[in-house]
Amino acid sequence: MPDTSLTSQTLSDEHEDQQISRVLNGLSAMAILFLAGIGAKAWYAEHYMHAWVLWTFIVPVIVNIGWYVWRRDRAAQKGGLLVTVGLLFTYLIASGGEGNTGPLWFYVFPPLLFYLTSLKGGTAILLFCYLLAILVFQFPDMPGVSAEYSTDFKIRFFATLTFESIFCFVLEAGRLRARNKLVALAQAHEHAARTDELTGLANRRDMQSRLNNELSRFERSGHHFSVVLIDLDLFKRINDDFGHDAGDEVLRQFADLVRQMVRQSDVAARWGGEEFLLLLPDTTLLQALTLAERLRAEVAATRFHHREQTLPVTISAGVCSISKSGSINELLKQADVQLYNAKESGRNRIAPRVRSQDAGPGPQTPA
């Protein structure tokens, strides 16, 4: 059976990626406005070189937005913005900006960094930025460095930046924990909504959805599929003679047996009571009949147990292919008719008939 346990996680990741992309687009637009405005202020203050550098940084921001609009590459969008911001802050620390206030812009970096990367990745990048700032502060004569900062400024800068970084780390860690708990809770609810509690197989609601999806695939591309409607023979007698606990144990053991025999692409569901339904994608009627007969023979040969008691269990099944019907309702109706025929023919049978290699009471010739 297909694994659907990651559906909520996948949807959550996709939703968060989309949200991050929207945030980055908004931040990029704001960055363009700020760079243009502060560059203009620097120009009128006759800091022409500083103004041109700030305006130059607008170019990679616009290119990054255009690349995302064209390719929808979210990883490149994140990386491009982080590199641009990192280079901008490096320039501001090295040059001091206006009035040696350039390093103050670095305070916007930690929350953005942790939001766009992981906790470990963000911490590693921050440590690298700390090292860069230490080099600039301690060696003002290095090439490209034109700013000098007072000792008080250095102490306050590192103290406040450290506090902010730790605070952002804690907040992001809490956000991730809350997100993971919500995803796990959503997965649990999704699993409960799609799964039969007793057997662990898909429930009727989930199977209906899968049948509709498979029909759409058949109508689009012509991929045939078949269904097998299964009923445990004389199940009421098991409940009456051995108790409902024994009946529940039979259902669980039968579900385990079905899981072992179906393919990864097949879907097994508890259709209701002691009825089960198999959905077999890319399967012809003859292939479905063969699988159903193998399952019938395996059930007949298996010893079902409950509290050291051996329980008599056989199945009857009706098989139908979508090629023999025009809708899901008609498909299920025909499978139900075939199941009724199998019951009327003596139970422990598959209908329509298919040749069996064992000497059991199964059908003998294709119908």
Side-chain angles (χ1 to χ4, degrees), residues 1-31 34 61 64-65 67-68 71-90 93 103-134 156-198 200-203 205-206 209:
M1 292 176 59
D3 182 11
T4 60
S5 62
L6 298 181
T7 302
S8 295
Q9 181 72 49
T10 302
L11 291 175
S12 177
D13 291 342
E14 176 65 20
H15 175 74
E16 184 164 359
D17 285 342
Q18 292 176 355
Q19 185 179 36
I20 290 175
S21 292
R22 289 193 294 267
V23 170
L24 291 185
N25 288 333
L27 288 175
S28 297
M30 291 178 61
F34 270 92
V61 176
N64 195 51
I65 294 176
W67 181 264
Y68 173 73
R71 300 298 297 270
R72 294 292 171 179
D73 188 339
R74 291 169 181 159
Q77 182 192 29
K78 290 181 186 179
L81 187 60
L82 283 175
V83 170
T84 302
V85 172
L87 292 175
L88 175 60
F89 288 155
T90 300
I93 290 176
L104 300 181
W105 288 98
F106 199 82
Y107 291 122
V108 306
F109 198 47
L112 178 66
L113 189 61
F114 284 123
Y115 184 66
L116 296 183
T117 64
S118 63
L119 293 175
K120 290 183 178 179
T123 302
I125 296 175
L126 272 179
L127 290 177
F128 176 78
C129 293
Y130 265 75
L131 177 61
L132 180 63
I134 290 173
R156 292 170 182 172
F157 175 77
F158 281 119
T160 52
L161 182 62
T162 300
F163 176 81
E164 186 204 17
S165 299
I166 294 174
F167 188 61
C168 291
F169 182 95
V170 171
L171 286 179
E172 182 64 13
R175 185 188 74 85
L176 291 176
R177 281 196 299 269
R179 172 186 176 274
N180 292 336
K181 287 181 180 179
L182 288 175
V183 170
L185 185 62
Q187 287 178 343
H189 281 291
E190 179 183 0
H191 181 76
R194 299 164 64 93
T195 307
D196 175 64
E197 183 178 4
L198 178 64
L201 299 178
N203 58 19
R205 174 185 177 185
D206 185 40
S209 175

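Summarising the geometry, atom CG belonging to Leu201 is positioned 13.5 Å from atom CZ belonging to Arg194; distances are rounded to the nearest 0.5 Å. Distance check, rounded to the nearest 0.5 Å: CD of Glu190 to CG of Leu185 gives 11.5 Å. Distance NZ/Lys78 to CG/Leu113: 12.0 Å, rounded to 0.5 Å. The CG atom of Asn25 sits 6.0 Å away from atom OH of Tyr68, with the distance rounded to the nearest 0.5 Å. Annotation: the span from Leu82 atom CG to Leu112 atom CG amounts to 6.0 Å, rounded to 0.5 Å.
A 4.5 Å side-chain heavy-atom check between Val83 and Leu87 finds at least one atom pair inside the cut-off. For the pair Ile20 and Leu116, the minimum side-chain heavy-atom distance is below 4.5 Å. Side-chain contact between Tyr115 and Val23 is present, with heavy atoms from C-beta onward closer than 4.5 Å. A heavy-atom distance below 4.5 Å is not found between the side chains of Leu132 and Ile93. Two residues are said to be in side-chain contact when any heavy atoms from C-beta on lie closer than 4.5 Å; Cys129 and Phe109 meet this criterion.
Nearest heavy-atom pair, Pro103 versus Phe157, reported as atom, atom and distance to 0.1 Å: O-CE1, 3.2 Å. Scanning both residues, Val61 and Ser28, for their nearest heavy atoms gives CG1-O, 3.6 Å. Nearest heavy-atom pair, Phe89 versus Val108, reported as atom, atom and distance to 0.1 Å: CZ-CG2, 3.3 Å.
Residue pairs meeting the salt bridge (charged side-chain N to carboxylate O under 4.0 Å, His left out) criterion with at least one member in residues 166-176, sequence neighbours excluded, are Glu16-Arg175, Glu172-Arg175.
Applying the side-chain contact (heavy atoms from CB on, under 4.5 Å) rule to Thr160 yields the partners Tyr107; only residues at least two apart in sequence or on another chain are considered. Applying the side-chain contact (heavy atoms from CB on, under 4.5 Å) criterion to Ile166, with sequence neighbours excluded, gives Thr162, Val170. Ala173 meets the side-chain contact (heavy atoms from CB on, under 4.5 Å) test with Leu119, Arg177; sequence neighbours excluded. Applying the side-chain contact (heavy atoms from CB on, under 4.5 Å) rule to Cys168 yields the partners Pro110, Pro111, Phe114, Glu164; only residues at least two apart in sequence or on another chain are considered. The ring pair (Phe, Tyr, Trp, His ring centres under 6.0 Å) check on Tyr130 picks up Phe158, with sequence neighbours excluded.
Looking only at distances, a side-chain donor or acceptor of Asn64 sits under 3.5 Å from a matching main-chain atom of Gln77. Side-chain atoms of Asn203 come within 3.5 Å of backbone atoms of Ala193 as a donor-acceptor pair (strictly under, hydrogens ignored).
Under a cut-off of 6.0 angstrom, the local environment of CZ in Arg74 is crowded, with over 12 non-hydrogen atoms contributed by other residues, nucleotides or ligands.
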